[in-house]
Amino acid sequence: MKLVIAVIQDKDSNRLSIALVQEGFRATKLASTGGFLRAGNTTFLIGVEDERVHEVFQVINNSCKVRDQLVTPVTPMGGSTDSYIPFPVEVQVGGATVFVVPVERFEHF
Ligand code: 2BA
């Protein structure tokens with residue numbers, strides 16, 4: 001068994017929840033915050049048999065989009081803070097950041 005941990009954008013979380021249930025996967029949704037943008041995102045924990053991991057990847061891939069987001073750095077990227085004027089830069093976020101972790105034991109009481 002594997003635990004798939006997927007960090008996705010909030011905008012895609014309903015679509016992914018519905019698609020996972022439709023395909024017969026069980027998942028837990030956690031509210032999370034990205035370290036860089038410090039904006040809300042959603043983390044899914046999906047416990048799945050090894051032979052179905054690729055199906056989970058397909059569902060995630062079909063449900064989550066890449067988006068460009070504007071972010072204003074709080075400090076200049078290299079250089080001094082003298083006369084620093086915050087300037088928004090565009091970063092590409094998502095579709096999904098996915099980790100696959102082996103599960104040593106699974107019990108469901
Ligand atoms: P954030 O940390 O808020 O990052 C949002 C986006 O900002 C990232 O999109 C990436 O495009 C950019 N970014 C992040 N760190 C950067 C940096 N040091 N310099 C320049 N740009 C940077 P994604 O890569 O799609 O990541 C989306 C979210 O997935 C992240 O939100 C974070 O919550 C999670 N994540 C990504 N990589 C991770 C990792 N190695 N471990 C844990 N969580 C991760």
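Order of appearance sets the numbers: ligands from 1, and atoms from 1 within every ligand.
Between Val7 and ligand 1, no N or O atom pair is found at a separation short of 3.5 Å. Checking only distances, Phe36 does come within under 3.5 Å of ligand 1, N or O to N or O. Considering backbone and side-chain N/O of Val91, none are found under 3.5 Å from N/O of ligand 1.
A donor-acceptor pair under 3.5 Å is absent between the side-chain atoms of Gln69 and the main chain of Gln92, judged by distance alone.
Taking the side chain to side chain donor-acceptor pair (under 3.5 Å) definition, one finds that Thr43 meets it with Ser32, sequence neighbours left out. Not counting sequence neighbours, the partners of Glu55 by the salt bridge (charged side-chain N to carboxylate O under 4.0 Å, His left out) test are Arg52.
For ligand 1, the atoms lying closer than 4.0 Å to a non-hydrogen atom of Gln92 are 9 (O), 10 (C), 11 (O). Every atom of ligand 1 is numbered from 1 in the order shown, and the set under 4.0 Å from a heavy atom of Leu37 is 1 (P), 3 (O), 5 (C). Ligand-side atoms of ligand 1 in range of Gly34: 1 (P), 2 (O), 3 (O), 31 (O), 33 (O), range being under 4.0 angstrom from any heavy atom. Which parts of ligand 1 touch Phe99 is read off a 4.0 Å heavy-atom cut-off, strictly below it: atoms 39 (C), 41 (N), 42 (C).
Between Leu30 and Phe44 the shortest side-chain heavy-atom distance does not fall below 4.5 Å. Looking at heavy atoms from C-beta onward, Val48 lies out of side-chain contact with Met1 at the 4.5 angstrom threshold.
For the atom pair CZ of Phe57 and CG of Asn62, the computed distance is 13.0 Å after rounding to the nearest 0.5 Å.
Residue-level proximity to ligand 1 for Asn41 is carried by the side chain, the only part with a heavy atom below 4.0 angstrom.
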